[in-house]
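The structure appears below as structure tokens.
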Amino acid sequence: MKYEVTERAEILLKEEVKIVRISVRDLVEFVLREGDIDNRKIGMSDKDVMAMGGKLHRKIQRQMGSDYHAETAMKLQIPCGEFDLRVEGRADGVIIKGDTSEVIIDEIKGILRDLSLIEQPVNVHLAQAKCYAYIYAKQHSLREIGIQMTYCNLDTEEIRRFLSHYTYEALECWFEELISSYEKWARFQIKWEEKRNSSIRLVEFPFSYREGQREVAAAVYRTILRKKKLFLQAPTGVGKTISTLFPSVKAIGEGLGEKIFYLTAKTITRTVAEQAFRILGEQGLQMKVITLTAKEKICKCEETECNPVSCPYAKGHFDRVNDAVYDLIMNYNEITRDVIENQSEKYMVCPFEMSLDVSLWVDAVICDYNYAFDPTAHLKRFFSENAGKKYIFLVDEAHNLVERGREMYSARLYKEDFLELKKMMRVKEPILSKKADEVNRQFLLLKRECEEYRVLESVSHLAIKLMNLLAEMERFFEKSSESDKRDQVLELYFKVREFLNIHDILDENYVIYSEYQQDGRFMVKLFCVIVNSNEISCYTQKKELLSRACLKNHSHNLHFTICRRPFSNTFEGKQFFYTLVYYLLNSFRPFYFSGP
């Protein structure tokens with residue numbers, strides 16, 4: 001099973017008592033995760049599952065009658081010494097039977113698996129319901145309460161329920177143990193932020209200001225304070241990294257941001273950012289900083305096959321990873337690739353997945369653009385639609401986002417891949433072969449209309465066939481995890497899923513076209529020409545590419561730095577070495593700030 005904690009707890013200050021907030025789901029998925037990493041279990045994207053599951057939730061809730069109270073909000077505040085822990089969430093349903101006064105908490109889960117394969121509720125699913133049952137029983141003085149786990153197949157809408165009853169005493173004992181397991185993490189969070197903020201107040205700019213550097217630092221701080229966007233252009237070697245990191249660190253200390261993301265496309269610029277934090281650390285700065293390394297580079301196996309059969313680090317990973325993460329954040333501030341690899345060996349956990357978990361507990365993350373912008377690779381734990389956190393983004397060499405953005409938000413498929421799948425599965429998997437043939441026939445229709453290349457108005461008919469194929473592929477993975485053809489099907493599965501994800505966001509900024517390749521293959525491509533309606537916005541003016549990021553719902557502010565090939569701007573007859581350009585209200589009307 002794959003677990004991904006979406007966010008760590010949020011700290012509030014109210015009447016001198018610090019309150020650590022965490023959702024029921026995040027609490028149980030963090031404390032109770034267990035088992036192996038297993039990429040052989042493939043499913044729909046989280047967004048698709050949530051969309052389908054949400055519709056099914058509402059349908060089931062409407063069918064449950066007048067005794068059923070849907071989407072019941074609950075919260076409980078637990079004193080933990082110097083702070084309170086607030087656990088909150090929304091139960092799918094509370095059933096209050098009028099004739100017997102019996103109360104049952106209903107937890108609904110939409111899944112793609114065959115329901116006959118589910119012998120008992122999944123532990124973390126049941127744990128969510130037990131949290132709600134305890135909170136409700138405590139607040140309504142119940143001696144006993146029921147829990148109903150409702151599993152529904154997203155394709156067939158078939159339903160299977162598991163009903164159990166618990167005494168209040170049993171739930172209380174279980175819940176106290178759960179809270180006790182998380183309490184040390186919340187205490188670390190509070191103590192560390194106090195220590196970090198105290199150290200930030202003592203840090204000063206580590207060098208004598210060069211011309212323009214003070215203005216840059218001031219503009220960066222004002223941008224964060226006012227929750228605006230900043231575009232900065234400066235030549236390489238003038239100290240822009242420290243000039244942007246220093247005010248960002250100060251902003252963190254003032255509570256204007258929660259975490260710094262330093263995004264870049266090159267290893268060398270990541271090293272420069274690490275060095276800048278190291279220099280500030282020489283003044284006593286206490287900040288935990290992690291550098292994320294790509295899975296392919298940090299994986300300890302010859303091939304990145306993330307399953308318990310092929311990788312010893314994947315087997316039992318979730319049983320040990322919390323201990324590995326806690327040990328690491330308690331003992332290291334600078335968390336480099338070497339530190340991650342050594343910790344991985346010590347606890348026998350996947351270094352890549354552990355580094356993502358560690359990133360939740362640090363103050364700054366140095367990583368590639370992909371982790372923030374790529375729709376297939378971004379960090380869902382930070383950039384999910386409901387995150388709403390105060391993150392500060394420093395994007396180095398942001399002009400590279402134009403071409404990178406086009407790559408991230410474009411997708412292509414080849415007819416020949418589906419023809420090959422059809423032939424390969426004809427005997428062993430006839431239904432999968434049939435679905436592949438239906439896609440191949442759609443490609444054939446487009447191919448007959450294309451001479452060399454052809455711009456298309458729509459590929460919605462193709463998309464429907466691809467969705468049918470995708471569902472059948474998922475059923476194939478569910479029952480054929482050891483198939484010798486699995487890897488070939490898996491590679492095409494990811495390409496199809498990416499194509500459908502991009503198809504969902506098509507707008508006037510895309511061109512859809514078909515084309516014969518030089519090797520004779522026939523391609524259909526969803527080409528993102530102007531990357532401005534998704535995660536990245538781009539603009540071209542006088543042959544100079546200016547780029548910015550929206551990261552909708554993810555942050556209150558962000559800004560960019562560019563260091564390659566400075567371009568000159570003339571304002572009132574003067575040449576500016578630094579040019580600071582504010583973009584307000586999603587427009588590209590520049591305001592030029594001062595510079596030498």
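Every heavy atom of this structure was used, including side-chain atoms; hydrogens, water molecules and symmetry mates were not.
- Looking only at side-chain heavy atoms (C-beta outward), E258 and I252 stay at 4.5 Å or farther from each other.
- Of the charged side-chain nitrogens involved, at least one lies within less than 4.0 Å of a carboxylate oxygen, so that K240 and D396 count as a salt-bridged pair.
- The environment of CD in E491 is sparse: at most 12 heavy-atom neighbours from other residues, nucleotides or ligands sit within 6.0 Å.
- With hydrogens and angles disregarded, no donor-acceptor distance shorter than 3.5 Å links the side chain of E107 to the backbone of A127.
- The shortest heavy-atom contact between I224 and L256 is CG2-CB, 4.0 Å.
- Salt-bridge formation is not detected for the pair R33/E29: no Lys NZ or Arg NE/NH1/NH2 atom is positioned less than 4.0 Å from an Asp or Glu carboxylate oxygen.
- Salt-bridge formation is not detected for the pair K346/E341: no Lys NZ or Arg NE/NH1/NH2 atom is positioned less than 4.0 Å from an Asp or Glu carboxylate oxygen.
- Between E296 atom CD and F352 atom CZ the span is 7.5 Å, to the nearest 0.5 Å.
- Within the model, atoms CE of M408 and CG of N370 stand 4.0 Å from one another, a figure rounded to the nearest 0.5 Å.
- Counting only distance, with no hydrogens or angles, the side chain of N333 and the backbone of K288 share no donor-acceptor pair below 3.5 Å.
- Among all heavy-atom pairs drawn from P308 and A314, the shortest one is N-CB, 4.2 Å.
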Under the side-chain hydrogen bond (donor to acceptor under 3.5 Å, both in side chains) rule, what do T223 and R226 come out as? Steps first, then yes or no, please. CA-CA 5 Å; T223 299; R226 297 170 181 173; over 6 Å; no
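- A donor-acceptor pair under 3.5 Å is absent between the side-chain atoms of T269 and the main chain of A265, judged by distance alone.
- One finds no salt bridge joining D92 and K109 here, because no Lys/Arg side-chain nitrogen approaches an Asp/Glu carboxylate oxygen to under 4.0 Å.
- One N or O on the side chain of R90 and one on the backbone of E71 form a donor-acceptor pair closer than 3.5 Å.
- Judged as a side-chain contact (heavy atoms from CB on, under 4.5 Å), and not counting sequence neighbours, the contacts of E169 are T167.
- The shortest distance between side-chain heavy atoms of I290 and I340 falls below 4.5 Å.
- Side-chain atoms of F261 and I392, non-hydrogen and from C-beta on, never get closer than 4.5 Å to each other.
- A donor-acceptor pair is defined here as one N or O able to donate and one able to accept, closer than 3.5 Å; no such pair exists between the side chain of K300 and the backbone of S344.
- The residues K250 and E254 are annotated as not salt-bridged, no charged nitrogen and carboxylate oxygen being separated by less than 4.0 angstrom.
- Between the side chain of R187 and the backbone N or O of F83, no donor-acceptor pair lies under 3.5 Å.
- With a 4.5 Å cut-off on side-chain heavy atoms, Q128 and V124 do not count as touching.
- Judged purely by atom type and a 3.5 angstrom limit, R337 uses its side chain to pair as donor or acceptor with the backbone of K297.
- No hydrogens or angles considered: nothing links the side chains of K184 and Q189 as a donor-acceptor pair under 3.5 Å.
- Tested against V321 for a side-chain contact (heavy atoms from CB on, under 4.5 Å), the candidates V358, I37, D357 yield a single pass: D357.
- Between the OH atom of Y313 and the CD atom of E345 there is a distance of 3.5 Å, given to the nearest 0.5 Å.
- Distance alone, capped at 3.5 Å, places no donor-acceptor pair between the D327 side chain and the D323 backbone.
- Annotation: side chain of T72 is not in contact with side chain of Y132 (no heavy-atom distance under 4.5 Å).
- The minimum heavy-atom distance linking C80 with D84 is given by the pair N-OD1, 4.1 Å.
- Side chain of S199 to main chain of Q286: a donor-acceptor pair is present (N/O by atom type, distance under 3.5 Å, no hydrogens or angles).
- Between E82 and K18 there is no salt bridge, since none of the side-chain N atoms of the basic residue sits less than 4.0 Å from a carboxylate O of the acidic one.
- No donor-acceptor pair under 3.5 Å is formed between the side chain of D38 and the backbone N or O of N307.
- Side-chain contact between D368 and R270 is present, with at least one heavy-atom pair separated by less than 4.5 Å.
- The CH2 atom of W361 lies 13.5 Å from the CG atom of L328; values are rounded to the nearest 0.5 Å.
- Side-chain contact of E303 with S310: a donor-acceptor pair under 3.5 Å is absent, judged by distance alone.
- Residues R160 and N153 bring no donor and acceptor atom of their side chains to less than 3.5 Å of each other.
- Across P351 and I298, no two heavy atoms sit closer than the pair CG-O, 3.5 Å.
- Residues R21 and E88 are paired through a salt bridge, judged by an N-O separation under 4.0 Å between the basic side chain and the carboxylate.
- Going from atom CZ of R278 over to atom CG of L280 covers 11.5 Å, rounded to the nearest 0.5 Å.
- The aromatic ring centres of W185 and F30 sit less than 6.0 Å apart.
- In this structure, a donor-acceptor pair under 3.5 Å is absent between the side chains of Q343 and Y332.
- Partner of F277 under the side-chain contact (heavy atoms from CB on, under 4.5 Å) criterion, chosen from I242, D363, V249: V249.
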Set out, in order, the CA-CA distance, both residues' side-chain angles and the distance that settles side-chain hydrogen bond (donor to acceptor under 3.5 Å, both in side chains) for E474 and Y493, then state yes or no. CA-CA 9 Å; E474 287 163 359; Y493 169 87; 2.9 Å; yes
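- With ring centers used as reference points, W174 lies 6.0 Å or more from Y134.
- Of all the heavy atoms in A364 and K259, the pair that sits closest is N-CG, 4.3 Å.
- Classified by interplanar angle (parallel below 30°, tilted 30° to 60°, perpendicular above 60°), the ring pair W192/F188 is parallel.
- The two residues R320 and M348 come nearest to each other via the heavy atoms NH2-O, 2.6 Å.
- The closest side-chain heavy-atom distance from Q148 to F162 is not below 4.5 Å.
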